[in-house]
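For reference, the structure discussed in these notes is given below.
Reminder, nothing fancy here: chain letters follow the sequence lines and each chain counts from 1. Predicted, not measured: the structure shown is a model, and the values here were computed from it.
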There are 2 protein chains.
Amino acid sequence: MKDIKHFLRQKSLRPTKQRVIIANYLFDGVNKHVTAETLSNELLKMKAGISLATIYNTLHDFYEKGLLKKLMINSERIYFDTNTEHHHHFYSKKDQKLIDINVDMKVSGLPKPPKNKKINKIEVLVHLDN
Amino acid sequence: MKDIKHFLRQKSLRPTKQRVIIANYLFDGVNKHVTAETLSNELLKMKAGISLATIYNTLHDFYEKGLLKKLMINSERIYFDTNTEHHHHFYSKKDQKLIDINVDMKVSGLPKPPKNKKINKIEVLVHLDN
DNA sequence: TATCAGTTTAGAACGATTCTAATGTATTGA
DNA sequence: TCAATACATTAGAATCGTTCTAAACTGATA
């Protein structure tokens with residue numbers, strides 16, 4: 001991500017100091033799964049004094065512009081994924097860690113959806129033991 | 001579920017008045033997905049004055065004894081499923097409703113799990129549009 | 001460079017859940 | 001049958017992730 005300011009402007013997001021810092025971290029080329037808390041910790045490490053409220057606001061702003069995906073992994077917190085392509089995950093409960101599955105998978109034997117409902121997308125979560 | 005008291009005792013759960021009422025509702029032969037809130041509402045309808053704390057306690061006690069499954073569907077609340085067999089779900093975000101998929105499905109093209117990790121189970125969530 | 005809409009922030013509020021500690025009740029064994 | 005006691009229930013307080021509020025700030029625009 002070369003010109004973050006330009007990138008944010010393209011998405012109708014004002015490139016404020018805080019958003020630039022967060023976008024630089026999130027979109028550095030390595031896909032990430034973050035929660036408000038883990039992101040806050042990373043930002044603290046890099047001595048960026050960004051308030052929690054702004055972190056929440058920014059994650060949601062980015063989500064609304066399609067820059068992040070929301071994951072429904074567990075009920076304790078909201079995970080955001082910088083990989084917005086359709087993909088699946090390994091999940092280690094023990095490590096509280098997600099790993100992208102970037103290969104194509106096929107699900108067979110799917111029953112018809114209920115009346116008047118259409119399938120939007122299929123998400124596979126592969127739970128790991130250890 | 002004929003003799004709920006016996007059933008609870010078998011699971012080392014004291015068959016208190018509250019647990020019997022809740023178990024009778026949950027294990028009436030029709031699989032259910034409940035949250036503390038939806039269960040509380042059902043219990044209110046049947047004029048069972050059971051405190052929220054007890055509802056939470058009971059759901060967790062039942063979960064710990066393997067009578068309920070916890071579902072990770074969204075981050076707003078915890079869903080409990082009376083169907084403890086391995087199965088999948090349709091999910092309608094709009095209706096905030098889950099529908100069991102009780103047929104066998106196969107997932108193909110799964111990559112190898114990360115080093116030293118074993119696959120525990122595979123969960124498929126089929127998102128519905130409307 | 002003044003204006004103003006959009007943004008950040010601390011701290012309050014919120015909603016789901018858990019905890020506390022006092023009261024109540026099922027079980028046990030004499 | 002009836003303590004004794006271990007386990008359950010409860011109201012309300014506490015907690016925790018998240019959202020809201022309203023005041024201060026800042027990037028864009030003219």
Side-chain angles (χ1 to χ4, degrees), chain A residues 3-26 33-44 46-65 67-68 70-80 96, chain B residues 3-26 33-44 46-65 67-68 70-80 96:
Chain A
D3 189 352
I4 287 279
K5 289 194 183 190
H6 179 65
F7 170 72
L8 290 174
R9 254 190 229 100
Q10 271 188 331
K11 298 283 173 180
S12 326
L13 288 164
R14 260 196 212 172
T16 62
K17 206 170 31 152
Q18 293 83 346
R19 283 178 178 166
V20 167
I21 292 170
I22 293 174
N24 263 316
Y25 169 71
L26 289 177
H33 307 105
V34 303
T35 66
E37 200 196 358
T38 65
L39 178 53
S40 172
N41 289 339
E42 287 307 314
L43 294 170
L44 281 176
M46 42 175 81
K47 313 242 186 273
I50 300 180
S51 80
L52 243 196
T54 299
I55 289 169
Y56 278 103
N57 289 340
T58 303
L59 286 172
H60 283 117
D61 294 345
F62 286 7
Y63 168 71
E64 247 131 54
K65 300 299 181 182
L67 305 180
L68 293 173
K70 252 187 209 172
L71 299 181
M72 312 197 299
I73 293 304
N74 72 34
S75 299
E76 275 134 49
R77 65 198 83 259
I78 296 169
Y79 285 80
F80 290 91
Q96 288 264 309
Chain B
D3 190 351
I4 287 278
K5 291 195 182 189
H6 180 65
F7 170 71
L8 291 173
R9 255 190 227 100
Q10 271 186 330
K11 297 284 173 180
S12 324
L13 289 165
R14 263 193 209 174
T16 63
K17 205 167 33 147
Q18 292 84 344
R19 284 177 177 167
V20 168
I21 292 171
I22 293 175
N24 264 315
Y25 169 71
L26 290 177
H33 307 106
V34 303
T35 65
E37 200 196 357
T38 66
L39 179 54
S40 173
N41 289 340
E42 286 306 313
L43 294 169
L44 281 176
M46 44 176 79
K47 314 239 187 275
I50 300 180
S51 80
L52 245 196
T54 299
I55 289 169
Y56 277 103
N57 289 340
T58 303
L59 286 172
H60 283 117
D61 294 344
F62 286 7
Y63 169 71
E64 246 131 56
K65 300 299 181 181
L67 304 179
L68 293 173
K70 254 187 209 173
L71 299 180
M72 312 197 298
I73 293 305
N74 73 34
S75 299
E76 274 134 50
R77 63 197 85 259
I78 296 169
Y79 284 80
F80 290 90
Q96 289 265 310

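Ranking dT17(C), dA5(C), dT9(C) by closeness to the Ser51(A) side chain, first place goes to dT9(C). Among the nucleotides dT9(D), dA28(D), dG17(D), the one closest to any side-chain atom of Tyr56(A) is dG17(D). In the set dT18(D), dT19(D), dT9(C), dT9(C) carries the atom at the smallest distance from any side-chain atom of Thr54(A).
Phosphate proximity of dT10(D) to Gln18(B): present, with a side-chain N or O under 4.0 Å from OP1 or OP2. A sub-4.0 Å separation between OP1 or OP2 of dT19(D) and a side-chain N or O of His60(A) is present. For Arg9(B), a side-chain nitrogen or oxygen approaches OP1 or OP2 of dT27(C) to under 4.0 Å. An OP1 or OP2 oxygen of dG6(C) is reached within less than 4.0 angstrom by no side-chain nitrogen or oxygen of Thr16(A).
Across the protein-nucleic acid pair, Leu13(B) atom CG and dA6(D) atom P stand 19 Å apart, rounded to whole Å. Taking atom CD1 of residue Ile55(B) and atom P of nucleotide dA11(D), one finds them 11 Å apart after rounding to whole Å. Atom-to-atom, CD of Glu37(A) to P of dT19(D) comes out at 15 Å; the value is rounded to the nearest Å. Protein atom NZ of Lys70(B) is 7 Å distant from nucleotide atom P of dT18(C), rounded to whole Å. Taking atom CG of residue Asn57(A) and atom P of nucleotide dT21(D), one finds them 13 Å apart after rounding to whole Å. If you take CZ of Arg77(B) and P of dA16(C), they are 5 Å apart, rounded to a whole angstrom. With rounding to whole Å, Arg19(B) atom CZ is found 12 Å from dT25(C) atom C1'. Between the C1' atom of dT8(C) and the CG atom of Leu8(A) lies a distance of 15 Å, rounded to the nearest Å.
When atom types are taken as modelled, the side chain of Arg77(B) and the backbone of Ala36(B) share no donor-acceptor pair closer than 3.5 angstrom. Although no hydrogens or angles enter the test, the distance criterion places no donor-acceptor pair under 3.5 Å between the side chain of Thr38(B) and the main chain of Val34(B). Side chain of Arg19(A) to main chain of Arg14(A): a donor-acceptor pair is present (N/O by atom type, distance under 3.5 Å, no hydrogens or angles).
Atom NZ of Lys11(A) has 12 or fewer heavy atoms from other residues, nucleotides or ligands within 6.0 Å.
Judged by closest nucleotide on DNA chain C, Thr58(A) is the one of Thr35(B) and Thr58(A) placed further toward the 5' end. Residue-to-nucleotide proximity on DNA chain C shows that, of Ala53(B) and Lys17(B), the 5′-proximal contact is made by Ala53(B).
Classification of the Tyr63(B)-His60(B) ring pair by plane angle, with boundaries at 30° and 60°, yields perpendicular.
Within 4.0 Å (heavy atoms only), Asp61(B) reaches no atom of the nucleic acid at all.
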